[in-house]
Asker: 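Sharing a structure here in C-alpha cells format.
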Amino acid sequence: MEILASSRICIEGVDPEIDGGRFAAKCVAGRPFTVRADIFGEGHDSVRAALLWWRQGAQEVHETPMRFLENDRWEGSFTPPENALYRYTLIAWRDDFLTWRKDTSKKVAAALNVDVEAEIGHRLVAASRDHAPEGEGRAALESVVHATNHGSTEERLDILMNEDTLALMTRAGRRYCLTRFDRDLAVFADREIAAFSAWYELFPRSAAPGLRHGTFRDVIDRLPYVRDLGFDVLYFTPIHPIGRTNRKGRNNTLTPGPDDVGSPYAIGSDEGGHTAIHPELGTIEDFDALVEAARGHGLEIALDIALNASPDHPWIKEHPDWFEWRPDGSIAYAENPPKKYEDIVNFRYYLEDGSPNAPYWEAVRDMFLYWADHGVLCFRVDNPHTKPFPFWEWVIDEVRAKHPGAVFLSEAFTRPKMMKRLAKLGYNQSYSYFTWRNTKAELTEYLTELTSEECRHYMRPNFFVNTPDINPYFLQTSGRAGHRIRLALAATLAGNYGVYSGYEICEATPIPGKEEYLDSEKYEIRDWDFDREGHIKDDIRLLNGIRRKHAAMRDFTNLEFFDAHDGAVLYYGRFDPATENYLLFHVLLDPHAGREFSFDLPLWRFGLPDEASIEVQDAIHGNHFTWHGKEHRLTLDPETRPYAIWRLIPPGGARD
C-alpha cells in the first residue's frame, strides 16, 4: 500500500526512452535536448512537472520546468553544455495551490461565498512555509502567511490570488504527492560534427600526380582542394601495410601481377599491422604532419578501421589464439558463401567456453586509442555487423572514456534492425539505404521513418552517394544530371553526407551488370583528372555553402515533406523557427526529362492565409522577390536546373 501510494502521479510514454532505458539517446552539446511524456493524475487537480538532468558522475542536479502541450502531454528541454554523457529523469506533483486558485476564481466569478476558500488558501501557503528550507523562499512565504492571517475575505484574496503569490508558490510551494519516474535515462551529447558533417573519401595512394604511389605529403597538397569544395571530414581508406599472400590484382582478379598494389583492406605484413603505416605512404611523423595540416584547413581526418587481417599479419604469429582455425589446422579465411576472400582471415572474438577473447578486444581498443592519440577522432568502421554486439559496445565505451569526442561511422549495409542496434550500441553515424532509394515514394517513406520514428533519437544516417564498393545503377545510367540530383538530395536531406572521390567528375563506369566500378581503385592506383569536362564541383561548393550558412540544415529531424503535383519531383522543407530560418527544396528525380509542375507554398506554416504574400530569396542565385498566394508553378530541367532552393522570409523576418 505504501509503495503504491507514493507514486500518485502517472508518468508514462517518455520520449526518448530507448529500450526502457537500456541505451542512451543522442543529442549535440550546445543544442537543446527535448523530452516529452504523458503526465497526469486523477480528477481535475492541477499537476506540474519538471525535467531533472545531470552530467554522469556529477553531484549537481539541474531542474527544468516542463510545459503542458495537450492531451496530458508535457515537454521539457535542457542544453547539455559539454561533449559528455548525461542522465535525466522526470518528476511531477500535485499543485494544490494552483488547483485552489483556479476553483476559487470560478466561485468568485459566480458571486459565491468564498470565506472558507480564503482560509484554505491561507493554510496552503502556511503548509508550504512549514515544509520549506530556511532561506529566501521560506521568508517570502512567511510574509504572505502573516499578511493573510487576518483581514476581510476580499483583502485576504487580493493577496492570495495575485500573480506575485502565484509565482512564489510555483517556485517555493509544497509539492504534494511528488512522484519520480521509476528510472534514470541517458543521453550522450556529441560534438556537432557527429550530427552535421560533409565527408570526402579518397585513397591516399592515388593522391600523387601520375600513377606513382601517393604519400601523405601528396595528400597535404590536396587539402586546399577538399576544403575549397566545402567538406568537413577527409576520410581515408586503410593506410596500413598490405599483405602479399593471396593478394588481389586489378579488378579483383586472383592472379595479380608483380606490381599490383593489392586491396588496402587486406591489412598486415612483415611491416606491421593495424597501428602501422604502409611504408610508401610515409612515416608516422608524416601522418602527424598531415593531421596538423588538415586541422589548419578546418578539416578532420577520418580513418577506415577494417578488422581484417591478411595471412601475413604479424598478429597471426604473435597471437595465434586471436584467429579462427579450421579442424585441419588451416586458418579460416573470410567467406560469404560461395565467395571466399583468401586475402583476409578471421579474428576470433569469443573462446570455446563463451567468454570474450579479452586480449584481442583490448588490442582493438588500444588500436583506436593509438590513432586518437595521433589526432584522429573520426572512424569509419568496415562491416561492424559481422562482429559481436557486446564487443562494439565495450570498445566504444572504452574509447569514449578517454576521448568523448570520438565519432564512429557504421558501414553496415544490412538488415534494418541490425543497423539500428549498432546505432544504439554507440555508433554516432550510420550508412543507410539512401543509396538505393530513388523514387518519390521510396525517399518520402524512408526519410519519414528516419526523422519521425523512435530511431531519430539514436540513429544518424550518413547519406553517402557512392563508395568504392558501390557504384549505384542510378548513377551508371544517368550521367551528369543524375550525379547532380543525388548530390542535392544527400546534401539537403541529411545532416551527414559523403562522396567518394571521382563523384565530382561523374565517374561511373561499371563492371557490366554489377554495382561496381570498372578498374576499381580498391585494386589499383588511379590518376583522376578533377578538371575534366562535365564536373560538378560548382554544385558541391554551392550545396556545402548553403549547408554551412543556414541553421535549418543542422537539425536532421526538422524535415517536412510537401506536395509537388508531379511524381518526379521531391518537395520538402527544413525549418528552424528559433533562428527564423526557413528553406524549401525542389529536386527533380528524373535525370532524363524535365518537368513543369505546380506546388503549394506552405503559407499556413507562418499563420498566413492562402492569399498572403511572402518574400523569397533564391538560395542558389541570391536574388530576392515575392511570391503571392499559395499556388505556384515551376520548371526543372535535368541539364540546366535539376534542383531549386528557396529561403522564405516571413513578415517581419530579417533578409540576411
Asker: State, without any angle test, whether Arg250 and Tyr523 hold a side-chain donor-acceptor pair at a distance under 3.5 Å.
Answerer: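 Their side chains do not contain a donor-acceptor pair, so the 3.5 Å distance test is not met.
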Asker: For a quick check under 3.5 Å, do Glu521 and Ser206 share a side-chain donor-acceptor pair by atom type?
Answerer: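 Note: Glu521 and Ser206 side chains meet the donor-acceptor criterion.
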Asker: Once the angle between the rings of Phe585 and Tyr572 is folded into 0 to 90°, is it parallel (under 30°), tilted (30 to 60°) or perpendicular (over 60°)?
Answerer: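 Aromatic pair Phe585/Tyr572 classed parallel.
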Asker: Within a radius of less than 6.0 Å around CZ of Arg415, do more than 12 heavy atoms belonging to other residues, nucleotides or ligands occur?
Answerer: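 For Arg415, atom CZ is not crowded (no more than 12 foreign heavy atoms under 6.0 Å).
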Asker: Report yes or no: does Arg574 contribute a side-chain atom to a donor-acceptor pair with the main-chain N or O of Thr492 at less than 3.5 Å?
Answerer: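 Looks like yes, one N/O pair under 3.5 Å.
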Asker: Aromatic ring centroids of Trp392 and Tyr427 under 6.0 Å?
Answerer: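 Distance test on ring centres: under 6.0 Å, yes.
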Asker: Using the ring of each side chain (for Trp, its six-membered ring), is Tyr225 parallel, tilted or perpendicular to Tyr200, with breaks at 30° and 60°?
Answerer: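 It falls in the perpendicular class, over 60°.
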Asker: Would you say Asn466 and Arg486 are linked by a side-chain donor-acceptor pair, where the criterion is simply a distance under 3.5 Å?
Answerer: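 Their side chains do not contain a donor-acceptor pair, so the 3.5 Å distance test is not met.
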Asker: Distance only, no hydrogens: is a donor on one side chain within 3.5 Å (strictly under) of an acceptor on the other, for Tyr433 and Glu442?
Answerer: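 Result is no, nothing qualifies.
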Asker: Is the ring centre of Tyr458 less than 6.0 Å from the ring centre of Phe23?
Answerer: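 When the ring centroids of Tyr458 and Phe23 are compared, they turn out to be at least 6.0 Å apart.
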Asker: Looking only at side-chain N and O atoms, does Arg554 offer a donor or acceptor that is under 3.5 Å from a partner on Asn581?
Answerer: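 Note: Asn581 and Arg554 side chains miss the donor-acceptor criterion.
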Asker: Without hydrogens or angle criteria, can the side chains of Thr467 and Asp469 be said to hold a donor-acceptor pair below 3.5 Å?
Answerer: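 The criterion, which ignores hydrogens and geometry beyond distance, is not satisfied for Asp469 and Thr467.
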Asker: Closer than 3.5 angstrom, by distance alone: can the side chain of His621 be matched with the main-chain N or O of Asn623 as a donor-acceptor pair?
Answerer: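 Judged by distance alone, no pair lies under 3.5 Å.
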Asker: Give the C-alpha distance, both sets of side-chain angles, the deciding distance and a yes or no for side-chain hydrogen bond (donor to acceptor under 3.5 Å, both in side chains) between Tyr446 and Arg437.
Answerer: CA-CA 8 Å; Tyr446 189 46; Arg437 298 296 185 263; over 6 Å; no
Asker: Once you round to the nearest 0.5 Å, how far does NZ of Lys248 lie from NZ of Lys522?
Answerer: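 Separation between the atoms: 8.0 Å.
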Asker: Less than 3.5 Å apart, any donor N or O on the side chain of Asp539 or His483 sitting next to an acceptor on the other?
Answerer: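 There is no such pair (donor and acceptor under 3.5 Å, judged by atom type) between the side chains of Asp539 and His483.
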Asker: State the CG-CZ distance between Asp228 and Arg222, to the nearest 0.5 angstrom.
Answerer: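 These two atoms lie 11.0 Å from each other.
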Asker: Testing the 3.5 Å rule here: is there a donor-acceptor pair between the side chains of Thr237 and Asp304?
Answerer: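 No, no side-chain donor-acceptor contact under 3.5 Å.
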Asker: Indicate the ring-plane relationship of Trp199 and Phe464, choosing parallel, tilted or perpendicular according to the 30° and 60° boundaries.
Answerer: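 Because their plane-to-plane angle is over 60°, the rings of Trp199 and Phe464 count as perpendicular.
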Asker: Salt-bridge test for Lys537 and Glu504: reply yes if a basic N is under 4.0 Å from a carboxylate O, no otherwise.
Answerer: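 So Lys537 does not pair with Glu504 through a salt bridge.
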Asker: Could you tell me how the ring of Phe575 sits relative to the ring of Tyr582: parallel (under 30°), tilted (30 to 60°) or perpendicular (over 60°)?
Answerer: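 Phe575 and Tyr582: perpendicular rings.
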Asker: Answer with yes or no whether the side chains of Asn558 and Asp576 bring together a donor and an acceptor at under 3.5 Å.
Answerer: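 No - no donor-acceptor pair under 3.5 Å links their side chains.
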